[in-house]
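Since the structure comes first, as structure tokens, the remarks are kept for the end.
Keep in mind that the numbers below use all heavy atoms, side chains included, and drop hydrogens, waters and symmetry copies. Each ligand, and each atom within it, is numbered from 1 in the order the structure gives.
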Amino acid sequence: MSRPDAPDFSPVISPILVSACLAGVACRYDGGASPHPEVLRLLAAGRVLPVCPEVLGGLPVPREPVELRQGRAVGRSGLDVTEAFQAGAQRALARAREHGCTSAILKARSPSCGPGQIYDGTFSRTLVPGNGVLAALLKQSGFAVLSEEEL
Ligand code: SF4
């Protein structure tokens, strides 16, 4: 048995940043969630930090769908929400750093979270190479980033 004043040498494991919708949070644009079994398992083990950058940026749930076009985040109506996307991504990065995260599991194809592939901004379900706003920021900041489809 360890003494109460004994130093604690147990390893500190930093959590993995995850898209909150993968952890079962109903924060998607359509008011739903996208729970993923492996992310839920990591959540139950206390190994993840769920964040939704669009909600952190002040956008409501539900909200209109957004795609990235020429570096801007634009809703189907034409509403430009680039500032909210960028503010939310910065807040998510700050939160990740506060918790010592160095890796992330992010929702595939999201204009905020999608790593490596996103829709092309025409709302025609056409995919192109690219990163969502948060995925790009995390990659630039040295994080290891995967989508849930790469687990
Ligand atoms: S912004 Fe990211 S976390 Fe939020 S609903 Fe979209 S994919 Fe999920």
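Side-chain contact between Ile118 and Val128 is present, with heavy atoms from C-beta onward closer than 4.5 Å. Using a 4.5 Å heavy-atom cutoff, the side chains of Val66 and Tyr29 are not in contact.
A pairwise comparison of heavy atoms in Val55 and Arg63 identifies CG2-NH1, 4.3 Å as the closest pair. Scanning both residues, Pro53 and Ala92, for their nearest heavy atoms gives CB-CB, 4.5 Å.
The distance from the CD atom of Glu150 to the CD1 atom of Ile105 is 10.5 Å, given to the nearest 0.5 Å.
Among all protein heavy atoms, the one lying closest to atom 2 (Fe) of ligand 1 is Cys113 SG, 2.3 Å. The nearest heavy-atom contact from the protein to atom 4 (Fe) of ligand 1 is Cys52 SG, 2.4 Å. Of the protein's non-hydrogen atoms, the one nearest atom 6 (Fe) of ligand 1 is Ser110 OG, 3.8 Å. In this structure, atom 8 (Fe) of ligand 1 lies nearest to the protein heavy atom Cys21 SG, 2.3 Å.
Ion pairing between Arg41 and Glu38 holds under the 4.0 Å rule for side-chain N and carboxylate O.
Assignment of Val51 to the shell around ligand 1 is supported, since a heavy atom sits closer than 4.0 Å.
No side-chain N or O of Ser110 forms a donor-acceptor pair with one of Ser112 less than 3.5 Å apart.
Less than 4.0 angstrom separates some heavy atom of Lys107 from each of these atoms of ligand 1: 7 (S). Each of the following atoms of ligand 1 lies closer than 4.0 Å to a heavy atom of Arg63: 5 (S). The distance from ligand 1 to the heavy atoms of Ser19 drops below 4.0 Å at these ligand atoms: 3 (S). Near Ala20, with a cut-off below 4.0 Å to any heavy atom, the atoms of ligand 1 are 3 (S).
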